[in-house]
Engineer: 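Take this structure first; my questions come after.
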Amino acid sequence: MTLTFKYKEIPRSNPTHSVSPSIPITISGNGGKYEFMVLLDSGADVSAIPQHMAELLGLDLNHEKEEAFGIGGKVPAVSTYMNILISKHHERYEFKIPVKIIMGDSDFPPLIGRAVFFDKFDITFSQSDKRIFLKYKGKD
């Protein structure tokens with residue numbers, strides 16, 4: 001079965017408006033479960049969330065700090081894992097993915113990168129229709 005999502009408008013720190021390939025997912029940690037609208041980023045090796053979101057989720061921030069590289073340059077980060085749930089109607093997929101927690105007061109939309117998530121689904125971005133199609137591939 002294929003999950004279909006419409007592109008969504010995600011608030012940005014600058015005053016521009018754009019729609020992007022975003023999906024609702026539930027992320028869980030020791031602090032509970034929360035639903036977030038996340039950007040599917042085929043250009044990102046790994047998923048990333050801001051520190052304030054990791055704190056809300058109760059994710060472990062005590063790992064060694066490292067540098068993460070992206071479009072914004074070099075930033076301090078902590079690598080860990082988070083549990084995600086993607087569901088729609090009767091379909092439900094839950095698994096653990098690696099994530100970089102961007103330390104400091106960065107405020108950016110959470111993004112899901114290729115590691116693990118893109119291995120679980122065949123993903124089609126239809127820019128003209130502004131839709132994302134996720135077809136689950138099954139177990140590894």
Side-chain angles (χ1 to χ4, degrees):
M1 195 74 177
T2 301
L3 301 170
T4 303
F5 299 94
K6 292 180 182 178
Y7 281 25
K8 301 287 184 215
E9 186 169 329
I10 300 258
R12 307 279 187 201
S13 57
N14 60 29
T16 61
H17 295 280
S18 65
V19 292
S20 53
S22 303
I23 62 171
I25 65 168
T26 300
I27 304 174
S28 61
N30 293 331
K33 292 182 178 187
Y34 298 90
E35 187 171 292
F36 297 99
M37 190 59 65
V38 299
L39 172 68
L40 284 186
D41 188 348
S42 63
D45 293 333
V46 71
S47 301
I49 62 172
Q51 181 179 348
H52 66 85
M53 184 183 292
E55 290 168 347
L56 173 70
L57 292 162
L59 298 181
D60 184 4
L61 300 175
N62 293 319
H63 298 281
E64 185 175 332
K65 285 192 178 145
E66 57 190 49
E67 292 180 334
F69 300 89
I71 196 164
K74 184 170 50 172
V75 293
V78 171
S79 289
T80 190
Y81 289 85
M82 64 184 182
N83 296 310
I84 65 167
L85 166 68
I86 179 169
S87 63
K88 191 169 183 182
H89 306 300
H90 64 281
E91 289 188 69
R92 177 182 174 96
Y93 307 105
E94 193 167 4
F95 41 90
K96 185 181 282 193
I97 63 171
V99 63
K100 297 249 186 220
I101 299 167
I102 307 305
M103 303 304 287
D105 60 357
S106 296
D107 193 24
F108 61 92
L111 62 90
I112 300 297
R114 292 187 316 274
V116 179
F117 190 88
F118 280 54
D119 295 326
K120 300 280 185 184
F121 297 94
D122 285 325
I123 302 172
T124 303
F125 296 92
S126 178
Q127 185 68 19
S128 61
D129 294 332
K130 298 199 178 340
R131 292 186 188 276
I132 307 153
F133 302 94
L134 303 175
K135 184 175 183 185
Y136 187 65
K137 292 189 214 180
K139 301 225 182 249
D140 298 315

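The structure presented is a predicted model; accordingly, all values stated were derived computationally and were not measured. Below, all heavy atoms of this structure are taken into account, side chains as well, without hydrogens, waters or symmetry copies.
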Engineer: A side-chain contact here means heavy atoms from C-beta on lying under 4.5 Å apart; do Lys130 and Val19 qualify?
Structural biologist: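 Sidechains of Val19 and Lys130: in contact.
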Engineer: Which residue is it: Leu56, Leu57, Leu59? I am looking for the one with a side-chain contact (heavy atoms from CB on, under 4.5 Å) to Ile27.
Structural biologist: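 Answer to the side-chain contact (heavy atoms from CB on, under 4.5 Å) test with Ile27 among Leu56, Leu57, Leu59: Leu57.
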Engineer: What donor-acceptor contacts under 3.5 angstrom involve side-chain atoms of residues 77-90, with partners at least two apart or in another chain?
Structural biologist:
| unit_1 | atom_1 | unit_2 | atom_2 | d |
| --- | --- | --- | --- | --- |
| Ser79 | OG | Glu66 | OE1 | 3.4 |
| Ser79 | OG | Glu66 | OE2 | 2.7 |
| Ser79 | OG | Lys100 | NZ | 3.1 |
| Lys88 | NZ | Thr4 | O | 2.2 |

Engineer: Working to the nearest 0.5 angstrom, can you tell me the gap between Ile101 CD1 and Glu55 CD?
Structural biologist: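 CD of Glu55 is found 9.0 Å from CD1 of Ile101.
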Engineer: Roughly how far, to the nearest 0.5 Å, is CE of Met103 from CD of Gln51?
Structural biologist: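 Answer for the CD-CE pair, Gln51 versus Met103, is 3.5 Å.
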Engineer: Minimum heavy-atom separation for Phe118 to Gly113, with atom names?
Structural biologist: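 Residues Phe118 and Gly113, closest heavy atoms: CD1-O, 3.4 Å.
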Engineer: What's the shortest heavy-atom distance between Val116 and Lys96, and which atoms?
Structural biologist: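 Taking every non-hydrogen atom into account, CG1-O, 3.7 Å.
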Engineer: Mind listing the side-chain donor-acceptor pairs of residues 30-45 below 3.5 Å, one per line with the distance, residues two or more places apart or on another chain?
Structural biologist:
| unit_1 | atom_1 | unit_2 | atom_2 | d |
| --- | --- | --- | --- | --- |
| Asp41 | OD1 | Gly43 | N | 2.9 |
| Asp41 | OD1 | Ala44 | N | 3.4 |
| Asp45 | OD1 | Arg114 | NH2 | 2.5 |

Engineer: Hey, does the side chain of Asp129 reach the backbone of Arg131 with a donor-acceptor pair shorter than 3.5 angstrom?
Structural biologist: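 No, because the side chain of Asp129 does not come within donor-acceptor range (under 3.5 Å) of the backbone of Arg131.
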Engineer: Would you say Val75 and Glu67 make side-chain contact, with heavy atoms under 4.5 Å?
Structural biologist: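 Heavy-atom side-chain distance check fails, nothing below 4.5 Å.
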Engineer: Just wondering, do Asp122 and Lys137 contact through their side chains at under 4.5 Å, heavy atoms?
Structural biologist: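 With C-beta onward as the side chain, the pair touches.
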Engineer: Cationic tip of Lys120 within the cone over Phe95's six-membered ring, i.e. under 6.0 Å and within 45° of the normal?
Structural biologist: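 Flagged: Lys120 positioned over aromatic ring of Phe95.
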Engineer: Just to verify, what does Glu94 make a side-chain hydrogen bond (donor to acceptor under 3.5 Å, both in side chains) with, not counting sequence neighbours?
Structural biologist: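 Scan of Glu94 (side-chain hydrogen bond (donor to acceptor under 3.5 Å, both in side chains), adjacent residues dropped) gives none.
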Engineer: As an exercise, state the distance from CG of Asp105 to NE2 of His52, rounded to the nearest 0.5 Å.
Structural biologist: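 Reported value, rounded in 0.5 Å steps: 9.0 Å.
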Engineer: Given the rule in the side-chain contact (heavy atoms from CB on, under 4.5 Å) test, do Ile25 and Ile112 qualify, once you have shown the distances and angles that lead to the verdict?
Structural biologist: CA-CA 10 Å; Ile25 65 168; Ile112 300 297; 3.8 Å; yes
Engineer: Do Val46 and Phe117 touch side chain to side chain, with heavy atoms closer than 4.5 Å?
Structural biologist: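 A side-chain contact under 4.5 Å is absent here.
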Engineer: I need the minimum non-hydrogen distance between Ile132 and Ser22, along with the two atoms involved.
Structural biologist: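 Minimum heavy-atom separation between Ile132 and Ser22: CD1-N, 3.5 Å.
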Engineer: How long is the span from the CD1 atom in Ile123 to the CG atom in Leu3, to the nearest 0.5 Å?
Structural biologist: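 That separation rounds to 10.5 Å.
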Engineer: Which atom pair, heavy atoms only, marks the closest approach of Asn62 to Asp60?
Structural biologist: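 In this case the closest contact between Asn62 and Asp60 is N-OD1, 2.9 Å.
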Engineer: So do Gln127 and Phe125 actually touch side chain to side chain, heavy atoms under 4.5 Å?
Structural biologist: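 No. Closest side-chain heavy atoms not under 4.5 Å.
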Engineer: Between Phe133 and Phe5, does a ring-ring contact (aromatic ring centres under 6.0 Å, His included) hold up when you go through it step by step?
Structural biologist: CA-CA 7 Å; Phe133 302 94; Phe5 299 94; 9.7 Å; no
Engineer: Please find the pair of heavy atoms, one from Pro98 and one from Ala115, that lie closest to each other, and give the distance.
Structural biologist: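 Scanning both residues, the minimum pair turns out to be CG-CB, 3.7 Å.
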Engineer: If you define the side chain from C-beta out and look only at heavy atoms, does anything of Met53 sit under 4.5 Å from Pro110?
Structural biologist: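 Yes; the side chains approach each other to less than 4.5 Å.
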